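Below is one structure; the comments refer to it alone.
Worth saying up front: this structure is predicted, and the values here are computed from it rather than measured.
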Amino acid sequence: MLVVRAIHASDLDALIELAHQVGSGMTTLKPDRKMLGDRISVAVASFAETIPPEQRDYMFVMEDTTSGRLAGVCAIKGAVGLDEPFYNYRIGTLVHSSRELDVFTRMDTLYLSNDLTGATELCSLFLHPDYRSGNNGKWLSKSRFLFIAQFPHLFTAKLIAEMRGYQLDDGSSPFYEGLGRHFFKMDFNHVDHLTAMGKKSFIAELMPRQPLYVAYLPEDAQEVIGKVHLSTAPARRLLEQEGMHFEGYVDIFDAGPVLQARVSELRAMRDSTVATVDESATPTDTDPLLVSNTKLNDFRMIVAHANPVSGKLALTPDEQALLHCQGGDTVRTLSLNVRKNVHV
């Protein structure tokens with residue numbers, strides 16, 4: 001059986017093993033023992049509320065309770081850019097015109113910006129290939145939204161998610177080769193590794209501050225601006241279903257899109273409900289339902305086939321055990337799939 005839960009200090013070895021499956025392009029999940037060990041320590045302190053909300057990094061793992069194996073991981077950072085600069089390119093427009101020559105041109109530009117400083121970030125979503133079936137990927141991604149809906153006071157008004165940018169089969173990035181390499185003079189994977197290690201000062205030192213004209217880039221670099229990695233396309237669709245959208249910000253290395261949303265406008269904030277666990281009720285076969293407990297320090301979530309009735313939710317003994325709850329406890333629920341016919 002699978003459960004999404006708050007990460008534990010004892011998960012380090014299993015997380016390192018999972019990180020070996022990720023590959024390049026995800027700077028927040030590298031198979032480095034010190035980096036992941038430090039990150040887990042911050043996550044444990046986050047759930048224990050022993051550090052300020054803006055410093056927190058809530059990490060969740062999907063555990064196969066039958067084997068004890070970690071099937072996936074995801075995370076929410078309380079705020080980005082408050083202790084080190086958070087860079088993106090903002091896509092802008094410059095207009096050049098001459099009435100005398102009857103010329104009017106619009107040029108797309110890239111501006112190096114820190115506009116998203118302070119936003120809460122969804123990050124580090126990865127599901128092991130062995131578990132990429134059924135609703136597992138959808139469940140893992142959407143678990144973070146139910147956590148935010150349960151504890152909205154812990155997060156800022158704006159939510160962002162940097163999506164992995166387009167890469168060729170050999171792992172190279174057309175955007176980086178067309179732009180970044182000219183300034184950094186090193187391979188994409190090396191830059192990716194330095195960023196993962198927190199060594200980001202070189203970005204400000206080497207990147208130009210003036211607007212860059214997109215038309216000056218090679219055509220293959222222009223074509224991938226705002227385009228996601230092929231394996232990331234499903235993740236983007238899931239985030240968009242929950243209320244996130246693209247507003248013209250991209251990653252400075254691979255030009256992957258940055259999705260944004262106001263926390264108050266998320267589907268989970270609007271549609272999730274609380275219910276009381278009812279041991280006497282009979283579970284029904286309904287559409288899959290995300291169900292979480294309401295404990296910050298022991299957050300756990302499952303997918304159940306049940307439907308809240310009059311504020312009560314029927315859960316089996318096994319489901320209650322996975323959630324570390326019992327009859328009479330409060331849980332939060334959200335339909336796994338977007339109900340298209342619901343009018344709000």
Side-chain angles (χ1 to χ4, degrees), residues 1-33 35-37 39-40 42-44 46-47 56-77 121-150 159 161-164 196 228-242 244 256 259 268 288-293 298-304 319 322-324 334 336-337:
M1 301 181 75
L2 297 175
V3 62
V4 171
R5 60 167 173 81
I7 200 166
H8 302 152
S10 58
D11 291 320
L12 178 57
D13 288 338
L15 184 63
I16 292 173
E17 182 179 344
L18 188 65
H20 277 291
Q21 297 284 330
V22 176
S24 65
M26 188 181 292
T27 59
T28 59
L29 200 63
K30 297 293 184 183
D32 180 275
R33 177 170 289 274
M35 184 187 79
L36 291 182
R39 192 169 179 202
I40 289 178
V42 171
V44 170
S46 300
F47 288 110
R56 296 179 190 176
D57 183 2
Y58 301 95
M59 293 189 74
F60 309 88
V61 292
M62 177 179 279
E63 179 187 1
D64 184 338
T65 59
T66 302
S67 64
R69 186 181 180 191
L70 294 191
V73 62
C74 62
I76 311 170
K77 288 191 175 182
E121 183 188 22
L122 301 182
C123 59
S124 307
L125 177 69
F126 181 74
L127 184 64
H128 193 286
D130 291 350
Y131 291 87
R132 293 176 186 174
S133 61
N135 289 318
N136 293 345
K138 184 184 298 186
W139 167 20
L140 182 62
S141 177
K142 296 190 178 189
S143 63
R144 297 170 294 185
F145 293 100
L146 199 56
F147 183 82
I148 292 173
Q150 178 59 37
L159 181 68
E162 285 191 308
M163 309 303 292
R164 191 175 180 182
V228 296
H229 191 284
L230 292 178
S231 64
T232 307
R236 177 177 184 169
R237 288 193 294 270
L238 291 177
L239 295 183
E240 290 173 337
Q241 288 175 5
E242 298 304 312
M244 303 194 74
L259 302 187
L289 185 74
L290 293 175
V291 184
S292 78
N293 64 24
D298 185 28
F299 185 80
R300 300 174 72 87
M301 176 184 294
I302 63 171
V303 171
E319 290 170 338
L322 287 173
L323 288 173
H324 289 180
L334 177 70
L336 178 64
N337 300 312

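Between the OG atom of S141 and the CG atom of L127 there is a distance of 10.5 Å, given to the nearest 0.5 Å. To the nearest 0.5 Å, atoms CG (N136) and CG (L2) are separated by 5.5 Å. A distance of 6.5 Å separates NZ of K77 from OG of S124, quoted to the nearest 0.5 Å. Distance CZ/F60 to CZ/F147: 4.0 Å, rounded to 0.5 Å. Note: L36 CG to L29 CG = 6.0 Å, rounded to the nearest 0.5 Å. Considering CD of E162 and CG of L259, their distance stands at 10.5 Å, rounded to 0.5 Å.
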Before you tell me yes or no, could you show the steps for R144 and Y58 under side-chain contact (heavy atoms from CB on, under 4.5 Å), namely the whole-Å CA-CA distance, both residues' side-chain angles and the distance that decides it to 0.1 Å?
CA-CA 9 Å; R144 297 170 294 185; Y58 301 95; over 6 Å; no
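Considering only heavy atoms from C-beta on, F145 comes within 4.5 Å of M244 through its side chain. At a threshold of 4.5 Å between non-hydrogen side-chain atoms, the residues L15 and R39 do not count as touching. Between V303 and L290 the shortest side-chain heavy-atom distance falls below 4.5 Å. S231 places a side-chain heavy atom less than 4.5 Å from the side chain of R164. Taking 4.5 Å as the limit, some side-chain heavy atom of H128 sits within range of a side-chain heavy atom of L18.
Listed by chain and residue number, E242 satisfy the salt bridge (Lys or Arg N to Asp or Glu O under 4.0 Å) test with K142 (two or more places apart in sequence, or in another chain). Partners of E240 by side-chain hydrogen bond (donor to acceptor under 3.5 Å, both in side chains), not counting sequence neighbours, listed by chain and number: R236. For N337, the side-chain hydrogen bond (donor to acceptor under 3.5 Å, both in side chains) partners are K138, not counting sequence neighbours. Scored by the side-chain hydrogen bond (donor to acceptor under 3.5 Å, both in side chains) test, T65 finds no partners at all (sequence neighbours excluded). Under the rule for a side chain to side chain contact (heavy atoms under 4.5 Å, CB included), the partners of S67 that lie at least two apart in sequence or sit in another chain are D64, R69, Y131.
Across L125 and C74, no two heavy atoms sit closer than the pair CD1-CB, 3.8 Å. Nearest heavy atoms, L334 versus L146: CB-CD1, 3.7 Å. Closest heavy-atom contact between E319 and A304: OE2-CB, 3.6 Å. The nearest pair of heavy atoms linking M35 to D32 is N-OD1, 2.8 Å.
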Side-chain donor-acceptor distances from residues 5-13 under 3.5 Å, at least two apart:
residue: R5; atom: NE; partner: E63; partner atom: OE1; Å: 2.7
residue: R5; atom: NH1; partner: H8; partner atom: ND1; Å: 3.3
residue: R5; atom: NH1; partner: D11; partner atom: OD2; Å: 2.9
residue: R5; atom: NH2; partner: D11; partner atom: OD1; Å: 2.9
residue: R5; atom: NH2; partner: D11; partner atom: OD2; Å: 3.3
residue: R5; atom: NH2; partner: E63; partner atom: OE1; Å: 3.4
residue: D11; atom: OD2; partner: H8; partner atom: N; Å: 2.7
residue: D13; atom: OD1; partner: R33; partner atom: NH1; Å: 3.2
residue: D13; atom: OD1; partner: R33; partner atom: NH2; Å: 2.7

